[in-house]
Amino acid sequence: MATATIHRIVVLFDKALTALSLAVPMADVESMAILVNRSLAAPTRSFHNSRHVFQMCEDMKPLQVLAALFHDVVYCQVDKGFPAPAVQLLSGVTDAKDEGLSLRPFEPGDDSVALCAAVFGFSAGQILPLTHGLNEFLSAVVACRLLQRHLSGPQMLAVVVGIAATVPFRARDARG
């Protein structure tokens, strides 16, 4: 079953990247697919799993597919922390505080965290809201760090915005 699921995720990645006219090495595609699958296949996952992602990806455009593939990679409350496959990719992003996870200052040259923070409206030093974007923000960071070598700036922005759009129970802010 795991092999079939990984294959299906590889196909989704490959089709999306090919539709964007990107020549991403298959080793990179497979590596991303394995990370996504291992994160979604955690024994704690009952809803935010590969079945959910496959349903989301139906009839989506390529950048939407990429956002859907990554949108639930991190689910701290369910997984009791960062998923093992993403721990290294999230290194240096947060600090544990008594109140929760705090967003660390952005490392020079690490545009991925700065881009995600700007889209989500987060700032360095802020305690990330557990139920209002924490998981999606961290999932977007993982996506950025894996895709930034392959996507243009506007494409990367579209993926991050797509992931941000999956934050549930969110009211409109001053910007709409």
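- Applying the ring pair (Phe, Tyr, Trp, His ring centres under 6.0 Å) definition to pairs two or more places apart or across chains, none involves residues 138-157.
- Using a 4.5 Å cut-off on side-chain heavy atoms (C-beta onward), P83 and V74 make contact.
- From T5, atom OG1 reaches atom CZ of F54 across 5.5 Å, with rounding to the nearest 0.5 Å.
- Residues L90 and L138 come closest through the heavy atom pair CD2-O, 3.6 Å.
- Atom CG in L35 sits 11.0 Å away from atom CG in L69 (nearest 0.5 Å).
- A side-chain donor from one of S152 and Q155 sits under 3.5 Å from a side-chain acceptor of the other.
- Contacts of R104 classified as salt bridge (Lys or Arg N to Asp or Glu O under 4.0 Å), with partners at least two apart in sequence or in another chain: D95.
- When all heavy atoms are compared, the tightest approach of R38 to A84 is NH2-CB, 4.4 Å.
- The distance from the CG atom of L17 to the CE atom of M26 is 9.0 Å, given to the nearest 0.5 Å.
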Without placing hydrogens or testing angles, list every side-chain donor-acceptor pair under 3.5 Å for residues 114-130, not counting sequence neighbours.
| residue | atom | partner | partner atom | Å |
| --- | --- | --- | --- | --- |
| Q126 | OE1 | S123 | N | 2.9 |

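- Within the 4.5 Å cutoff, the side chain of T94 has no heavy atoms near those of the S102 side chain.
- Residues M60 and V161 share a hydrophobic cluster, clusters being chains of Ile/Leu/Val/Met/Phe/Trp/Tyr side chains in contact below 4.5 Å.
- In this structure, V159 and M156 have side chains that are in contact, with non-hydrogen atoms separated by less than 4.5 Å.
- Distance check, rounded to the nearest 0.5 Å: CG of D14 to CG of D28 gives 12.0 Å.
- No donor-acceptor distance shorter than 3.5 angstrom exists from the side chain of S112 to the backbone of V141, with no hydrogens or angles considered.
- Evaluation of the side-chain hydrogen bond (donor to acceptor under 3.5 Å, both in side chains) rule for D111 yields no partner, not counting sequence neighbours.
- Looking at L40 and R51, their side chains never come closer than 4.5 Å, going by heavy atoms from C-beta outward.
- Partners of F82 by ring pair (Phe, Tyr, Trp, His ring centres under 6.0 Å), not counting sequence neighbours: none found.
- Interatomic distance, CG of N135 versus NE2 of H71, reported as 10.5 Å (0.5 Å rounding).
- A distance of 4.5 Å separates CD1 in I6 from CG in N37, rounded to the nearest 0.5 Å.
- Partner of L66 under the side chain to side chain contact (heavy atoms under 4.5 Å, CB included) criterion, chosen from L151, I163, L12, L146: L151.
- Sorted by first and then second residue, the pairs that involve residues 4-40 and meet ring pair (Phe, Tyr, Trp, His ring centres under 6.0 Å), not counting sequence neighbours, are F13-F70.
- Closest heavy-atom contact between V93 and L103: O-CD1, 3.4 Å.
- When all heavy atoms of H132 and V167 are compared, the pair lying nearest together is C-CG1, 3.9 Å.
- Hydrophobic clustering places V10 together with L22 (ILVMFWY residues linked when any side-chain heavy atoms are closer than 4.5 Å, directly or through intermediates).
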